[in-house]
Structure formats: structure tokens, C-alpha cells
Undergrad: 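Please see the structure below; I have some questions.
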Amino acid sequence: QVQLQQRGARPVKSSETLSLTCGVYGGSSSSFYLNWIRQPPGKGLEWIGEVSPAGSTDYNPSLRSRVTISRDTSKNVFSLKLMSVTAADTAVYYCSTRVTASGGFDPWGQGTPVTVSS
Amino acid sequence: DIQMTQSPYSLSASVGDRVTLTCRASQTIRNNLSWYQQKPGKVPRLLISGASSLQSGVPSRFSGSGSGTDFTLIISGLQPEDFATYYCQQSDTSPFTFGPGSKVDIK
């Protein structure tokens with residue numbers, strides 16, 4: 001059973017770059033679509049983007065100019081970088097996987113709360 | 001982007017009730033629709049994918065149906081642990097989008 005592990009909460013200052021990492025356990029990261037999803041406080045879920053098993057990336061157009069998702073198959077981890085953050089980027093950030101191109105997100109990491117301060 | 005809408009936004013129900021939640025896509029998504037359950041402060045849990053395929057370990061009182069643009073999640077016999085917010089999500093076309101959620105709380 002694949003499990004995902006994220007690091008703990010971290011503060012980020014406005015205009016800086018948010019960096020998060022997700023470890024993949026119980027499976028090979030190169031076998032899955034590796035995703036990042038976020039949820040602002042009290043709000044719904046927003047898909048950020050993914051890296052495919054082939055290594056290609058796909059991003060939400062609303063964030064594309066600021067986001068990079070990458071993977072390190074040798075370490076079985078994948079990462080999110082979001083540049084030039086503002087208070088609107090304050091959210092719980094989840095990593096997740098998909099097995100197929102049209103499948104649902106499962107499993108999910110435990111989430112990392114990110115607060116952007118000025 | 002494909003817009004996902006859900007109804008009702010919120011509903012109050014009793015243990016044992018049959019609950020029907022609906023999800024509509026702004027254009028056809030075939031059967032590329034998933035349902036998630038999220039309890040306060042917890043991680044979303046995938047219940048159903050492919051519109052009607054129950055994930056392993058999910059109780060059989062949950063069922064999903066639909067294709068194209070209109071989808072339904074039914075909880076047959078609501079249990080205390082089912083009080084939560086339910087999200088639908090399309091994985092047909094990028095960017096993958098979620099509905100706003102339907103909150104089920106105790107009457």
C-alpha cells in the first residue's frame with residue numbers, strides 16, 4: 001500500500017518561494033501521476049499540478065507562471081515550488097497520486113499547513 | 001476549465017437516512033468523476049472513482065452513478081461516521097477541478 005509523507009508546517013514570507021517535498025513509500029514514484037492539491041482555510045480543494053510517469057508536467061493555468069513540480073526517482077520523492085507567494089497562497093498543501101490518467105487522487109499525504117506572512 | 005457544481009450545498013440528516021448528493025459538470029466528462037469524503041481537520045478520502053467504482057475498504061452503503069454531465073452519490077443508511085463534506089472531482093480534462101462540496105451534518 002503506497003503511503004505519502006509530507007514535512008511539517010512552515011511559514012513563508014510574502015514574495016518568497018514556497019518549497020514542499022513528498023516522500024513516496026511502498027511503491028515507485030515513477031509509476032504514478034504525482035500531484036499537488038491545496039485547500040485554503042475553510043474553503044474547497046484546488047488542483048495545482050502533476051508530473052506523469054513519463055516525466056511530463058501539467059499545471060493549473062491559474063498557477064502555471066509560478067509553479068514547478070519535479071520528482072527525484074532515485075530518492076522516491078517529488079516536490080512543489082511556488083514562487084512569489086502572497087497571502088492568497090495560505091492553505092494546507094497536500095501531495096497525492098493517481099494510478100491512471102483518468103483516475104482519482106489516492107492516497108493523500110497528511111497535508112502541510114502553509115501560512116504566508118507579510 | 002470544466003466547472004463542477006454540487007447540490008445541495010448543505011443538508012441536515014438523521015442516522016439511517018438515505019442521502020442523495022448530486023454533481024454536475026459544465027461539459028461532458030464521460031465517467032471520469034470521483035467522490036471524496038472530508039471530515040474537519042482531516043485528509044480527503046477517495047470513495048468512488050470512475051463515477052461508480054467503490055474504492056477498497058469503502059462501505060457498500062456508498063454508491064455512485066451517472067455519466068456525461070450529471071452524477072449522483074447515494075449514502076444508503078447514514079451512519080454517525082458519515083457526517084462530513086463530500087466533494088466531486090473531474091479527471092477528464094486538465095485542469096482537474098473539484099466541486100465546492102456538499103456538507104452533511106446531523107439533524
Side-chain angles (χ1 to χ4, degrees), chain A residues 1-9 20 22 26 32-52 54 56-67 69 91-113, chain B residues 1-7 9-10 21 23 25 28-58 62 64 66-68 71 73 84-103:
Chain A
Q1 191 81 323
V2 174
Q3 293 186 336
L4 305 177
Q5 188 163 14
Q6 302 178 232
R7 290 184 181 160
L20 299 174
C22 182
F32 303 105
Y33 293 83
L34 309 171
N35 286 260
W36 288 95
I37 297 159
R38 70 181 183 178
Q39 185 170 36
K43 296 188 178 181
L45 298 158
E46 179 183 30
W47 177 74
I48 298 171
E50 72 176 7
V51 56
S52 75
S56 61
T57 53
D58 187 15
Y59 300 126
N60 193 321
S62 68
L63 298 168
R64 181 173 290 143
S65 64
R66 299 193 290 132
V67 68
I69 297 174
V92 177
Y93 286 75
Y94 296 102
C95 61
S96 185
T97 63
R98 299 189 306 135
V99 174
T100 65
S102 57
F105 298 110
D106 182 63
W108 296 57
Q110 74 271 36
T112 298
Chain B
D1 300 3
I2 295 176
Q3 306 301 317
M4 306 299 293
T5 57
Q6 292 184 241
S7 62
Y9 172 76
S10 174
L21 307 178
C23 176
T28 183
I29 57 171
R30 297 175 285 182
N31 70 337
N32 297 316
L33 190 282
S34 298
W35 289 96
Y36 302 84
Q37 177 193 65
Q38 187 179 33
K39 299 178 182 179
K42 301 298 185 182
V43 178
R45 174 194 183 192
L46 177 65
L47 300 176
I48 288 170
S49 62
S52 61
S53 296
L54 202 65
Q55 295 300 112
S56 175
V58 175
F62 290 92
S67 67
F71 302 87
L73 174 69
T85 298
Y86 293 85
Y87 294 95
C88 62
Q89 174 256 325
Q90 67 83 15
S91 52
D92 186 83
T93 304
S94 176
F96 306 128
T97 45
F98 291 85
S102 288
K103 184 177 180 181

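Each chain gets a letter, A, B and so on, in the order its sequence line appears, and its residues count up from 1. These numbers were taken from a predicted model, which means no experiment stands behind them.
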Undergrad: What part of A/Ile48 lies closer than 4.5 angstrom to a heavy atom of chain B: side chain, backbone, both or neither?
TA: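 Neither; nothing under 4.5 Å.
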Undergrad: For chain B, which candidate among A/Trp108, A/Tyr59, A/Tyr94 shows the most heavy-atom pairs at distances under 4.5 Å?
TA: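 With the most close heavy-atom pairs to chain B, the winner is A/Trp108.
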Undergrad: Please report the shortest heavy-atom distance between A/Gly103 and B/Ser34, naming the atom on each side.
TA: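 Result for this residue pair: C-OG, 4.4 Å.
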Undergrad: Spell out the residues in residues 94-103 of chain B that have some non-hydrogen atom less than 4.5 Å away from a non-hydrogen atom of chain A, in order of number; otherwise answer 'none'.
TA: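 Only B/Ser94, B/Pro95, B/Phe96, B/Phe98 of residues 94-103 of chain B have a heavy atom under 4.5 Å from chain A.
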Undergrad: Mind listing the closest non-hydrogen atom pair of A/Ser102 and B/Ser91 along with its distance?
TA: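 Heavy atoms only, the tightest pair is O-OG, 2.5 Å.
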Undergrad: Under 4.5 Å between any side-chain heavy atoms of B/Pro44 and A/Phe105, yes or no?
TA: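 They are not in contact (no side-chain heavy atoms under 4.5 Å apart), so the answer is no.
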Undergrad: Taking distance alone, no hydrogens or angles, what donor-acceptor pairs closer than 3.5 Å link side-chain atoms of residues 46-57 of chain B to residues at least two apart or in another chain?
TA:
| unit_1 | atom_1 | unit_2 | atom_2 | d |
| --- | --- | --- | --- | --- |
| B/Ser49 | OG | B/Gln55 | OE1 | 3.0 |

Undergrad: Would you mind checking which part of A/Asn60 comes under 4.5 Å of any heavy atom in chain B, side chain (CB onward), backbone (N, CA, C, O), both or neither?
TA: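 A/Asn60 touches chain B through backbone and side-chain heavy atoms alike.
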